[in-house]
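Just below is one structure, and these are the notes that go with it.
The model shown is predicted, which means the values in this text are computed figures rather than measured ones.
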Amino acid sequence: MAPVGDALAVSAVALGATMQRATGLGFALVAAPFLVVILGPFSGVTLANLLSAMINLIVLSMTARALRRRVAVQMIAGVILALPLGVWVVRQLPGPVLLVGIGLITAGSVTWVAVGQSMPFLSQQGGAVASGFASGFFNTTAGTGGPPLAVYAASTDWEHRSFVPTVQLVGLVTNVLSLAAKGPPVLSWRLLLACGAAMLAGIGGGQCLQRWLPETAARRWVLALALAGSVIAIGKGLTAW
């Protein structure tokens, strides 16, 4: 890989890890587009899955005391239920149509919540399962599993302190299942080590950032990252149409 591409990939990993630690979301949204462009669709996405799983595990180990286990279990159940449907839909529908459709739906949902209009049904029994289902389905079909979790958090007024570890556990299960289905990326040890070092540096930066980031600001960042993921999905779909 060219030095410029190498530097861009490592920088994207560091920035994505910083946002993941500070807000609970952001690694795949920030790093994955660069990794896909530089390494290609398969290697880029699988490397993003691998690094995301590692970040999920590290951040979870640092924040596990605030984990909401019941919500995490419900969301994971939704993710597992969604995977077969997501795989089937991917095989049946054209990729660009899926990306644009899912991007529009999630962008609309995030925007609705961002302007102060919650989705009360998510606070009802089964809301966490429904959010996990949407996250698993969107992750399988479009690689954007974060927006449904952000919408759930905003609609239920979820405390950011417990949101971070809970979504790490959900993300860890999702990424492990994705890697199990696709296999690990075949890349040079040099790149993997560089990305690993960048990831650790980013987590350290995010640890410092979250100490002075107010909860209201953290929530705005979560919604902004979720909206960015939706826009990226739409853009990917339109360029591939």
Side-chain angles (χ1 to χ4, degrees), residues 1-20 23 25-53 55 82-83 85-114 134-151 171 174-175 177-179 181-187 191 195 198-199 202 221-241:
M1 185 167 58
V4 174
D6 200 339
L8 282 174
V10 171
S11 299
V13 168
L15 180 58
T18 300
M19 299 311 300
Q20 184 81 21
T23 70
L25 298 175
F27 179 80
L29 302 181
V30 174
F34 289 94
L35 296 177
V36 167
V37 169
I38 295 166
L39 302 174
F42 180 80
S43 293
V45 171
T46 51
L47 178 58
N49 288 146
L50 176 62
L51 294 174
S52 292
I55 290 175
L83 289 178
L85 177 61
V87 171
W88 181 82
V89 169
V90 166
R91 291 173 177 171
Q92 298 299 317
L93 295 180
V97 174
L98 266 176
L99 288 170
V100 172
I102 288 172
L104 288 172
I105 292 170
T106 54
S109 300
V110 172
T111 303
W112 177 266
V113 172
S135 178
F137 179 78
F138 290 176
N139 187 75
T140 304
T141 54
T144 56
L149 304 181
V151 170
T174 304
N175 284 305
L177 290 174
S178 179
L179 285 169
K182 294 182 294 187
V186 180
L187 297 168
L191 175 61
C195 287
M199 181 185 68
W221 271 107
V222 167
L223 289 173
L225 289 168
L227 183 59
S230 304
V231 172
I232 288 171
I234 295 171
K236 286 165 63 179
L238 290 175
T239 55
W241 205 297

I need the Leu227 CG to Thr111 OG1 distance, nearest 0.5 Å.
5.0 Å
Indicate whether any N or O donor in one side chain lies under 3.5 Å from an N or O acceptor in the other, for Asn49 and Ser178.
yes
Check the pair Phe27, Met19 against side-chain contact (heavy atoms from CB on, under 4.5 Å), reporting the backbone distance first and the verdict last.
CA-CA 7 Å; Phe27 179 80; Met19 299 311 300; over 6 Å; no
Between the side chain of Thr239 and the main-chain N/O of Gly235, is any donor-acceptor distance below 3.5 Å?
yes
Report the C-alpha distance between Trp221 and Leu25 in whole Å, list the side-chain angles of each, state the deciding distance to 0.1 Å, and finish with yes or no for side-chain contact (heavy atoms from CB on, under 4.5 Å).
CA-CA 9 Å; Trp221 271 107; Leu25 298 175; over 6 Å; no
Do Pro148 and Phe138 come close enough that some side-chain heavy atom pair is under 4.5 Å?
yes
How many angstroms lie between atom CG of Leu104 and atom CD1 of Ile234, to the nearest 0.5 angstrom?
4.0 Å
To the nearest 0.5 angstrom, please state how far the CG atom of Leu149 sits from the OG1 atom of Thr174.
8.0 Å
Run the side chain to side chain contact (heavy atoms under 4.5 Å, CB included) test against Leu177 and tell me which residues pass, sequence neighbours left out.
Ile80, Leu83, Val173
For the student: nearest non-hydrogen atoms of Leu225 and Gly26, plus distance:
CD1-CA, 4.0 Å
Supply the atom-to-atom distance Leu15 CG to Gln20 CD, rounded to the nearest 0.5 angstrom.
11.5 Å
Can you tell if the side chain of Cys195 reaches within under 4.5 Å of the side chain of Leu51, non-hydrogen atoms only?
yes
Please report the closest heavy-atom contact between Ala17 and Ile55, naming both atoms and the distance.
CB-CD1, 3.8 Å
Is the backbone of Gly171 close enough, under 3.5 Å, to the side chain of Asn175 for a donor and an acceptor to pair up by distance?
yes
Would you give the length of the straight line joining atom CD of Gln92 to atom CG of Leu85, rounded to the nearest 0.5 angstrom?
10.5 Å
Heavy-atom pair with the smallest gap, counting every atom of Pro96 and Gly237
CB-O, 3.4 Å
Shortest non-hydrogen contact between Gly136 and Ala82, atoms and distance
C-CB, 4.0 Å
